[in-house]
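Note that the numbering runs from 1 along the sequence shown for the chain. Every heavy atom of this structure was used, including side-chain atoms; hydrogens, water molecules and symmetry mates were not. Just so it is clear, the model here is predicted, and its values are computed rather than measured.
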Amino acid sequence: MQTQTAAPQAERRGQLLSWAVSATITLTWLVAVTATEQVSRVVDNWEAGATMLFGSFLAGSSPEGGGAVAFPVLTKALDVPAPVARTFGLCIQAVGMTVAAVSIVLCRRQVHWRAAGLGTGAAMAGFVVGIVAVGEPDELFWPPSIGTAWVKATFSILLATTSILMIRHLRHGDYHGRLLSGWTPRAQVGLAVAALTGGFVSALTGT
């Protein structure tokens, strides 16, 4: 009985702590912007903030990051160069997704830690390879050497593929349970290859 009562209480504490983390990050940003007198700059670039606001909803409700919204809007609607849009999206997601990860842990959500560790490591390796192999280190923002048109095409293919996989996932129910029961060497290799590829693509498109 005590265990059953303690579980909801622990979950509520985790939820309150996750809200506290988000509030602290937001307050820190407000203080920093005000102290450095950057409020007018934020107001002048309100479109970018609005874009990432919608991006955050997508990131919170799907496996895709907010860059899936930021990259096309910034490059096509706001005429922002692709390397700048990629870097902007990565910076925003680095903060947002870190806070989201902390909230997931605090709320004691079910996590496949072995998959998360393997996927994160492989994705980081892929990102570094992508930046070093394709990026131009002598130029600002390390733009990809393959050209903007190829980057935009890669993003479009990535977005379409991820959308199809998300629809299939919704139709097939609980993937987490199947992953736990099917954590085979083949599944591990597949996850590592997918994460490695995703990290490489993130170096190009920021998501």
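- E47 contributes no side-chain N or O that, together with a main-chain N or O of V73, makes up a donor-acceptor pair within less than 3.5 Å.
- Residues passing the side-chain contact (heavy atoms from CB on, under 4.5 Å) test with V84, sequence neighbours excluded: V80, P81, F141.
- L74 and A85 make their closest contact through CB-CB, 3.9 Å (heavy atoms, listed as atom of the first residue, atom of the second, distance).
- The hydrophobic cluster containing L118 does not contain L196, counting ILVMFWY residues as joined when their side-chain heavy atoms lie under 4.5 angstrom apart, directly or transitively.
- Chaining together hydrophobic side chains whose heavy atoms lie under 4.5 Å apart places V39 alongside W29, L30, V33, V42, V43.
- Cluster membership check: L78 shares its hydrophobic cluster with F88, using side-chain heavy-atom separations under 4.5 Å among Ile, Leu, Val, Met, Phe, Trp and Tyr.
- Side chain of R86 to backbone of F71: no donor-acceptor contact under 3.5 angstrom is found.
- Both W113 and I104 sit in one connected hydrophobic cluster of ILVMFWY residues. Membership requires side-chain heavy atoms under 4.5 Å apart, directly or through other members.
- Closest of all the heavy-atom pairs between P143 and L140 is CD-O, 3.3 Å.
- Tracing side-chain contacts under 4.5 Å through hydrophobic residues (I, L, V, M, F, W, Y), one reaches V102 starting from I25; they form part of the same cluster.
- Once rounded to the nearest 0.5 Å, the distance linking CG of L90 with CE of M97 reads 10.0 Å.
- Residue V132 shares its hydrophobic cluster (ILVMFWY side chains chained together at separations under 4.5 Å) with V128.
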Expected list for residues 16-23: side-chain donor-acceptor pairs under 3.5 angstrom, two or more places apart:
{"unit_1": "S18", "atom_1": "OG", "unit_2": "G14", "atom_2": "O", "d": "3.4"}
{"unit_1": "S18", "atom_1": "OG", "unit_2": "Q15", "atom_2": "O", "d": "2.6"}
{"unit_1": "S22", "atom_1": "OG", "unit_2": "S18", "atom_2": "O", "d": "3.2"}

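- The hydrophobic cluster containing V193 also includes V189, under a criterion of side-chain heavy atoms closer than 4.5 Å among ILVMFWY residues, counted directly or through chains of members.
- Here V31 sits in one hydrophobic cluster together with L27; the rule is ILVMFWY side chains under 4.5 Å apart, joined directly or through other members.
- W142 and F127 fall within the same hydrophobic cluster, defined by Ile, Leu, Val, Met, Phe, Trp and Tyr side-chain heavy atoms under 4.5 Å apart, directly or through other members.
- Applying the salt bridge (charged side-chain N to carboxylate O under 4.0 Å, His left out) test to R186 and every residue at least two apart in sequence or in another chain returns nothing.
- Contacts of T205 classified as side-chain contact (heavy atoms from CB on, under 4.5 Å), with partners at least two apart in sequence or in another chain: V151, F155, L158, V201, T207.
- Residues meeting the side-chain contact (heavy atoms from CB on, under 4.5 Å) test with F200, sequence neighbours left out: V129, V134, L204.
- For T161, the side-chain contact (heavy atoms from CB on, under 4.5 Å) partners two or more places apart in sequence, or in a different chain, are I157, L165.
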